[in-house]
*Asks:* 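I am attaching a structure below and will ask some questions about it afterwards.
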Amino acid sequence: MNVDVIVAGAGPTGLMLAGELALAGVRTVVVERLPERGGQSKALGLQPRSAEVLDLRGLLEPLMDRAIQRVPGGHFAGLRLDLDVWDTRHPYMIGIPQTRVEAVLEERLGALGVQVLRGHELTALAQDPGGVTATLRGPAGPVRLRGRYLAGCDGGRSTVRSLLEIDFPGLEGRLSSVVADITLADPDGAVPATWHLPVMTPSKAGRGYLAPIGEGVHRFLFYGPEQQDLPRDTPIGQGEVGRALLNAAGPGVRLTGIRWASRFTDASRQVESYRHGRVLLAGDAAHIHSPMGGQGLNLGLQDAFNLGWKLAAEINGWAPEGLLDTYHAERHPVAARVLANTRAQAVLLVPDEENLALRGIVAELLRLPEGNRHVAGMISGLDIRYDLPGDPHPLLGRRVPDLDLRTPGGPERVGRLLRDGRALLLSAADGAAFAEVARPWSARVGHLAASDTGELGAEAVLVRPDGYVCWAGSAGETASLVIALTRWAGSPPA
C-alpha cells in the first residue's frame, strides 16, 4: 500500500493528526497494534484550549454530547485554579473518558475516508530520501506500507522511537501511584456528588481521588506507602485497591470490582528532536510526564493540530522552506514547560515538612489574582504564545480570540471560520485592500470582512490553520502582510 503519510498509533494524537491530514487531501493510513479500541479510559479531561481547538474543526459539539460533566476550574497539585479569568468560551475542564474522544475522532476519519488498520503491529521501519517503508505483522501475515512520511503517535513506549533508536532522556519517577476503573456497591448513595472535587493532597498515609466516569464506573487514582514499595510489574488486586479506598473514602464506600488498573510514576522524559528525517514524533511518543493537572491528552492533541497542516503543506507541495521544522521549534518548548510544571506539582505532593511548607506558600500565591491567572493559563494551554517573526503586536503568536462578528452573511464567530483547514485573513468591514492582497492565495487562505473586530487591536489579522495569529496590522502595512502570507502559505499558485 502506498500512501502519503503513515500514522502509527490510533490514540487521540494519531487520530487527530490523521484527520487534519485528510482534511487537506493527504492520503493517510493509521496503523494500530491493538485489534480494537481498548476499554481503558486513561485520560479523563479536556482543557479549555483543547476545547477551543476541537471547536475550530466542529468536533466539540459531538464530544460534549458524550461528556460526563463540566468541571469548574482546574488544579495545580490539588490547589484549585479559577479559569474564568481567561477570555475563553470554555473556562472549565470537560470530564470525558479518552475512549469517547477516540470514538469521535475515528468517526471523523470514517467520514473523511481514512482507513484504520487495527491488529497490525509495526515490526520494522526504514527510511530513505524518498520516503518511509513500514513492515507490519497483521492478522493475515506481514504487510508492507510505503509512505512519504511516517508519524510516530504510538505512546510512551513507542515502537517507532525504539526502532529508530531515538534517545528518551529525562528523570526517573519518585512517586508511584495506581489508577483504576472500579465499580462500587452503592455508588449513588455512598459517594457524595462533590467528593471527587478536592483533588489529591499530601499525606504520609496516602491519598486518593475518586470520580464518576459513567455507566456505574468510577476512576480511582491513589498513592500511599504500599505503592512505593511494590515493583512496577506487581499485579493490582482487589486487596490493594480496597485498602486504598478505605483509607481515602472510609468504610461507607465498598469496592465490588476492578475493570482495569495500572501503575505509573511521575517520571518525565522528552526526545531532543521531534523530527528524524521523514519520521516525526508527537504525543507521548515525544514526551511523557505525570498526569498532574490533566495535561497529557491535551498536549498530544495540540501537537497533532500544529503538525497536521504543516505536514499537509509539505505533501501538497506548497510549504515554504522550513515550515515543517517549525513543528519542533514551536511544540518542543510547550512540552518542556509541561514537564517542568508536572515535576513541580509532584514535589508539592511529597508529604514532608519542607514540601508542605512550600505548598503553603504556593497556595497563598495562587490566591492572588495574578498568580492564579499565570498558573491557570499555563495548565489550561490558554497562555501559549509561539515565538513568530514579524512586527510586534500583542496578538502575534497567540490564539485568535473567538469574537462574535457581524458579517454580510449574518452573525458569525471566529471559532467557526477555520473549519475547512485553511488559514484566515480577518479584516474590518472595509476590507477591500486586504482582499486584494490575499486574492492570489485564495485556495489556501480565506478572507472575511466583518464588524466588531475592534477587540483584535488591529485592522486585520492573519490566522494560521491551527488558530494562532501570525500577522496583525493595518491597510498601510500590506507589504508585511505579503511577507507573512508567503511565510505561512507559500508562494502564490501560478
Side-chain angles (χ1 to χ4, degrees), residues 1-36 105-106 109-110 112-168 271-287 300 303-304 306-319 321-328 331:
M1 181 189 296
N2 291 322
V3 295
D4 293 321
V5 179
I6 303 165
V7 176
T13 302
L15 296 173
M16 186 73 182
L17 176 59
E20 289 299 287
L21 293 168
L23 185 63
V26 174
R27 296 174 304 145
T28 306
V29 64
V30 180
V31 298
E32 169 58 50
R33 176 181 59 85
L34 297 176
E36 58 185 24
L105 295 177
E106 193 163 349
L109 294 190
L112 292 168
V114 177
Q115 187 176 9
V116 179
L117 297 178
R118 294 191 177 275
H120 287 72
E121 182 178 4
L122 181 65
T123 58
L125 184 61
Q127 58 176 319
D128 54 63
V132 181
T133 301
T135 303
L136 313 172
R137 182 186 298 116
V143 177
R144 293 188 72 194
L145 296 177
R146 177 72 176 174
R148 293 173 62 184
Y149 287 87
L150 182 143
C153 307
D154 53 342
R157 299 181 182 181
S158 169
T159 300
V160 172
R161 198 180 60 235
S162 177
L163 289 173
L164 293 181
E165 298 182 344
I166 299 171
D167 289 339
F168 203 29
V271 296
E272 294 181 351
S273 175
Y274 284 11
R275 182 179 180 184
H276 296 263
R278 289 182 172 268
V279 176
L280 299 113
L281 300 175
D284 288 353
H287 42 69
D303 282 350
N306 184 287
L307 173 59
W309 68 276
K310 297 174 180 177
L311 184 53
E314 189 73 25
I315 294 292
N316 289 329
W318 61 260
E321 184 178 358
L323 178 66
L324 189 54
D325 290 328
T326 65
Y327 164 61
H328 166 86
R331 295 303 299 172

*Asks:* If only atom types and distance count, is the side chain of Arg275 paired as donor or acceptor with the main-chain N or O of Gly277 below 3.5 Å?
*Replies:* yes
*Asks:* Between Ala313 and Leu323, what is the shortest heavy-atom contact and its length?
*Replies:*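 In this case the closest contact between Ala313 and Leu323 is CB-CD2, 3.8 Å.
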*Asks:* Measure the shortest side-chain to side-chain distance between Phe168 and Glu272 over non-hydrogen atoms and say whether it is less than 4.5 angstrom.
*Replies:*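 No, every pair of side-chain atoms sits at 4.5 Å or beyond.
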*Asks:* State which residues pass side chain to side chain contact (heavy atoms under 4.5 Å, CB included) with Ser162; sequence neighbours excluded, sorted by chain then number.
*Replies:*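 Checked Ser162 against side chain to side chain contact (heavy atoms under 4.5 Å, CB included); zero matches.
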*Asks:* Only one of Leu307, Val160, Val5 passes side chain to side chain contact (heavy atoms under 4.5 Å, CB included) with Leu280; say which it is.
*Replies:*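 In the set Leu307, Val160, Val5, the residue that makes a side chain to side chain contact (heavy atoms under 4.5 Å, CB included) with Leu280 is Leu307.
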*Asks:* With a 3.5 Å distance limit and no angle check, can you tell me whether Gln127 reaches the backbone of Arg278 through a side-chain donor-acceptor pair?
*Replies:*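 Looks like yes, one N/O pair under 3.5 Å.
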*Asks:* Under a 4.0 Å threshold between the charged nitrogen and the carboxylate oxygen, would Glu106 count as salt-bridged to Arg118?
*Replies:* yes
*Asks:* Ignoring hydrogens and angles, tell me if any N or O in the side chain of Glu20 forms a donor-acceptor pair with the backbone of Trp309 under 3.5 Å.
*Replies:* no
*Asks:* Got a donor-acceptor contact below 3.5 angstrom from the Asn316 side chain to the Ala24 backbone?
*Replies:*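 Checking the backbone N and O of Ala24 against the side chain of Asn316, a donor-acceptor pair under 3.5 Å is found.
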*Asks:* Find out whether Tyr327 and Asp303 are in side-chain contact, i.e. whether some heavy atom of one side chain is under 4.5 Å from a heavy atom of the other.
*Replies:*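 Of all side-chain heavy-atom pairs linking Asp303 with Tyr327, at least one is under 4.5 Å.
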*Asks:* Roughly how far apart are Arg161 CZ and His276 NE2, rounded to 0.5 Å?
*Replies:* 10.0 Å
*Asks:* What is the minimum heavy-atom distance between His120 and Gly138, and which atoms define it?
*Replies:* CD2-CA, 3.7 Å
*Asks:* Is any side-chain heavy atom of Tyr149 closer than 4.5 Å to a side-chain heavy atom of Asp4?
*Replies:*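 The answer is no, as the side chains (C-beta and beyond) never meet within the 4.5 Å cut-off.
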*Asks:* To check you understand the geometry: which heavy-atom pair defines the closest contact between Ala151 and Leu17, and what is its length?
*Replies:* CB-CD2, 3.4 Å
*Asks:* How far apart are the closest heavy atoms of Thr28 and Ala22, and which atoms are they?
*Replies:*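 Looking at all heavy atoms of both residues, the closest pair is OG1-N, 4.4 Å.
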*Asks:* Is it true that the NZ or CZ of Arg331 lies under 6.0 Å from the centre of Tyr274's six-membered ring and within 45 degrees of the ring axis?
*Replies:*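 No - Arg331 does not lie over the ring of Tyr274 by the 6.0 Å and 45° rule.
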*Asks:* Are Val3 and Leu145 close enough, and set up right, to give a side chain to side chain contact (heavy atoms under 4.5 Å, CB included), and what steps lead you there?
*Replies:* CA-CA 8 Å; Val3 295; Leu145 296 177; 5.7 Å; no
*Asks:* Within a strict 4.5 Å, meaning less than it, do heavy atoms of the Leu117 and Glu32 side chains meet?
*Replies:*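 The answer is no; the side chains never approach within 4.5 Å.
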*Asks:* Any non-hydrogen side-chain atom of Ile166 less than 4.5 Å from a side-chain atom of Leu281?
*Replies:*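 Heavy-atom side-chain distance check passes, below 4.5 Å.
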*Asks:* What pair of heavy atoms forms the shortest contact from Ser158 to Asp154, and how long is it?
*Replies:* OG-OD1, 2.6 Å
*Asks:* Heavy-atom distance under 4.5 Å between the side chains of Ile6 and Val31, does that happen here?
*Replies:* yes
*Asks:* Testing the basics here: between Val7 and Cys153, what is the closest heavy-atom pair and its distance to 0.1 Å?
*Replies:*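 Nearest pair, atom of Val7 first, then Cys153: CG1-SG, 4.2 Å.
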*Asks:* Could you list the donor-acceptor pairs under 3.5 angstrom formed between side-chain atoms of residues 129-137 and any protein atom two or more places apart in sequence or on another chain?
*Replies:*
unit_1, atom_1, unit_2, atom_2, d
Thr133, OG1, Arg146, NH1, 2.9
Arg137, NH1, Glu121, OE1, 3.0

*Asks:* Taking the side chain as every heavy atom from C-beta outward, state whether Asp284 and Thr13 have any atom pair closer than 4.5 Å.
*Replies:* no
*Asks:* Any chance CZ of Arg33 has more than 12 other-residue heavy atoms, nucleotides or ligands included, within less than 6.0 Å?
*Replies:*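 No - once you tally the heavy atoms of other residues, nucleotides and ligands closer than 6.0 Å, there are 12 at most.
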*Asks:* Taking the side chain as every heavy atom from C-beta outward, state whether Leu150 and Leu125 have any pair of such atoms under 4.5 Å apart.
*Replies:*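 Of all side-chain heavy-atom pairs linking Leu125 with Leu150, at least one is under 4.5 Å.
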